[in-house]
Amino acid sequence: IKNYTVSLFNTSVYGCEAQTSQTITVYPKPMSAFEVNLDEGCSPFLVEIENLSIGGDEFTWHLGNQTIYENESIFEHTFSNLNDDPVHYQLNLKTINEYGCWRESFQQVKVYPEVVAGFGADNEIMKGCNPLPLSFINQSERAHQYSWNFDDGNTSALPDPQNTFYTPGTQETTYDVQLLATSVYGCQDSIVRQAKVYPVPVADFFLNPYEQTFPSRSIRANNLSAPGNWNFTWSMGDGTIIHSNDWETIEHEYTWPAGDYATKYYDVRLMASNEFCHDSLSQTVVVYAPFPVVAFEPGTQGCPPFEVQ
């Protein structure tokens, strides 16, 4: 602070004199200055800002189209650019001291367009039976170069590639499909989605017996399906449905309507399935009609001519 004394001396035509004095106080202006750790980058662009001002008590920041009041000496701010071209943001710091005096400082940062990686597939849920062919649909924004990794040793640089996924055993196999998208400015973004391949079951079973004659009408069905996490559904051919999730032996007895002596044929069907895949096998059981029983009773005695019924 500097004080200046201003004096005024007056003399009249008669030699009379007078004077007056006043003190003028001049307050200092603060020094406004700041630094950024980076002045260009890809959106979302995180910048560290350090206030280097001297003699200030209040600080008003205009960071592009946003005004903030920040008294921390170092803070961070994120700049976004969802346009197709680079955007220049003007950074302005107004430093004010206790006397209301102020100064401003300016800098500029350059923010490149933000890349957003994204993709889908013709099979929207990216799940299915072995083998699982997928045609990928690139949904990335503001990118022009693509790098695909299918997690099975295969890669691609095509915008919309295709790949077939396999599961080597009887368990589901999950693949992490990654897309790295890059813009003309070198900005990048990546995304990972999972493709899941389910094994295809092989249904098989053995019936004992395949043929029998009434009154025998019971069978045992031994599940011989390939190993795996399957759900089993047995259709016994007479409307009976049996659900199972293991390889248990199924025992079943067929009903025989009274007075019905026709040979019966039953199509026994086993379906093995998981969430997406299934296989089935049908075999026929025959229950033959009972053997005929021949019998008669002699009539009563009598003299000829004698009628017997």
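Treat the numbers as computed from the prediction; the structure is a model and nothing was measured. We number each residue from 1, following the sequence as shown.
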Problem - Hphob cluster co-occupancy, Phe45 + Phe75, side-chain heavy atoms under 4.5 angstrom - result: yes
Practice task
Using salt bridge (charged side-chain N to carboxylate O under 4.0 Å, His left out) as the criterion, list what pairs up with Asp260, not counting sequence neighbours.
Solution key: Lys264
Handout entry: Val285-Met271 co-clustered via ILVMFWY side chain contacts under 4.5 Å
Key = no
Practice task
Taking the side chain as every heavy atom from C-beta outward, state whether Val26 and Tyr4 have any atom pair closer than 4.5 Å.
Solution key: yes
Problem - With Cys101 via disulfide bond (SG atoms under 2.5 Å apart) - residues at least two apart - result: none
Exercise for the section: Could you tell me whether a side-chain N or O of Asp189 sits under 3.5 Å from a main-chain N or O of Ala117, the two making a donor and an acceptor? Expected result: yes
Practice task
Following the transitive rule for hydrophobic clusters with a side-chain heavy-atom cut-off under 4.5 Å over Ile, Leu, Val, Met, Phe, Trp and Tyr, establish whether Tyr266 and Ile250 coincide in one cluster.
Solution key: yes
Practice task
Locate the shortest heavy-atom distance separating Gln212 from Arg217; write the atom from each residue and the value.
Solution key: OE1-N, 3.1 Å
Handout entry: Leu179 vs Asn138 side-chain heavy atoms within contact, under 4.5 Å
Key = yes
Problem - Under 3.5 Å side-chain donor-acceptor pair for Asp152 and Asn163 - result: yes
Fill in the blank from the handout: Distance col, row Tyr254:OH vs Thr240:OG1, nearest 0.5 angstrom, shows 8.0 Å
Problem - Heavy atoms from other residues, nucleotides or ligands near NE2 of His278 exceed 12 (cutoff 6.0 Å) - result: no
Exercise for the section: Assess the side chains of Asn229 and Gln171: does a donor N or O sit below 3.5 Å from an acceptor N or O? Expected result: yes
Exercise for the section: Report yes if the side chains of Thr249 and Asn223 come closer than 4.5 Å at any heavy-atom pair, otherwise no. Expected result: no
Fill in the blank from the handout: Heavy-atom nearest pair, Asp57 first then Glu98, reads OD2-N, 2.8 Å
Practice task
Can you run down the ring pair (Phe, Tyr, Trp, His ring centres under 6.0 Å) pairs that involve residues 115-143, sequence neighbours left out, and say none if there aren't any?
Solution key: Phe119-Phe136, Phe119-Trp148, Phe136-Trp148, Phe136-Phe150
Problem - Cluster overlap Tyr89 with Val36, hydrophobic side-chain contacts below 4.5 Å - result: yes
Practice task
Decide if atom CD of Gln22 counts as having more than 12 heavy atoms of other residues, nucleotides or ligands within a radius under 6.0 Å.
Solution key: no
Problem - Joint cluster assignment, Val286 & Met236, ILVMFWY side-chain distance < 4.5 Å - result: no
Practice task
Would you please say whether a donor-acceptor pair under 3.5 Å links the side chains of Tyr175 and Gln194?
Solution key: no
Practice task
Would you please say whether a donor-acceptor pair under 3.5 Å links the side chains of Thr167 and Asn130?
Solution key: no
Practice task
Quick one: pull up CG in Leu281 and CG in Leu224 and give me the separation to the nearest 0.5 Å.
Solution key: 9.5 Å
Problem - Side chains of Asn97 and Thr95, donor plus acceptor under 3.5 Å - result: no
Handout entry: Flag, side chain of Ser140 to backbone of Gly118, donor-acceptor distance under 3.5 Å
Key = yes
Exercise for the section: Count the heavy atoms belonging to other residues, nucleotides or ligands that lie under 6.0 Å from CD of Glu72, then report whether that count exceeds 12. Expected result: no
Problem - Check: Ser43 and Pro113 side chains under 4.5 Å, non-hydrogen atoms - result: no
Problem - Polar side chain donor-acceptor pair, Asn231 to Ser273, under 3.5 angstrom - result: no
Exercise for the section: Check whether the side chains of Thr182 and Gln145 place a donor and an acceptor atom closer than 3.5 Å, and report yes or no. Expected result: no
Exercise for the section: Test ring-ring contact (aromatic ring centres under 6.0 Å, His included) on Phe214 and Tyr288 and set out the steps. Expected result: CA-CA 6 Å; Phe214 185 84; Tyr288 292 107; over 10 Å; no
Problem - Shortest non-hydrogen contact from Phe9 toward Ser7 - result: CE1-CB, 4.0 Å
Practice task
Could you check whether the rings of Tyr99 and Tyr27 sit parallel, tilted or perpendicular, using 30° and 60° as the cut-offs?
Solution key: parallel
Problem - Distance in Å, Trp230 CH2 paired with Ser225 OG, rounded so as to fall on 0.5 Å steps - result: 9.0 Å
Problem - Residue pair Asn81 / Asn83, side-chain donor-acceptor N/O under 3.5 Å - result: yes
Exercise for the section: For the pair Glu17 (side chain) and Ser12 (backbone), establish whether a donor and an acceptor sit closer than 3.5 Å, ignoring hydrogens and angles. Expected result: no
Fill in the blank from the handout: Closest non-hydrogen contact found for Asn71 with Phe59 is OD1-CD1, 3.3 Å
Problem - Under 3.5 Å: donor-acceptor pair, side chain of Asn37, backbone of Glu48 - result: yes
Practice task
Taking Ser183 for its side chain and Tyr185 for its backbone only, find out whether a donor-acceptor pair lies under 3.5 Å.
Solution key: yes
Practice task
Nearest 0.5 Å please: distance from the SG atom of Cys16 over to the CG atom of Asn10.
Solution key: 11.5 Å
Handout entry: Check: Arg142 and Leu82 side chains under 4.5 Å, non-hydrogen atoms
Key = yes
Handout entry: Centroid-centroid under 6.0 Å between His77 and Phe79 rings
Key = yes
Completion exercise
Residues His243 and Ile241: closest non-hydrogen pair is NE2-CG2, 3.7 Å
Handout entry: Spatial distance of atom CD (Glu124) from atom CG (Leu134) [nearest 0.5 Å]
Key = 12.0 Å
Practice task
Kindly indicate whether the side chain of Tyr265, heavy atoms from C-beta on, has any atom under 4.5 Å from the side chain of Val287.
Solution key: no
Practice task
Indicate yes or no: at least one non-hydrogen side-chain atom of Val268 is less than 4.5 angstrom from one of Ile219.
Solution key: yes
Practice task
Specify the closest pair of heavy atoms between Pro159 and Tyr146, including all atoms of both residues, with the distance to one decimal.
Solution key: CA-CD1, 3.9 Å
Practice task
Could you walk me through whether Glu251 and Arg220 pass the salt bridge (charged side-chain N to carboxylate O under 4.0 Å, His left out) test, one step at a time?
Solution key: CA-CA 5 Å; Glu251 297 184 356; Arg220 291 169 59 89; 2.3 Å; yes
Exercise for the section: To the nearest 0.5 angstrom, please state how far the OH atom of Tyr198 sits from the SG atom of Cys129. Expected result: 9.5 Å
Handout entry: Close side-chain approach of Gln188 and Val115, heavy atoms under 4.5 Å
Key = no
Handout entry: Over 12 foreign heavy atoms within 6.0 Å of CD, Gln90
Key = yes
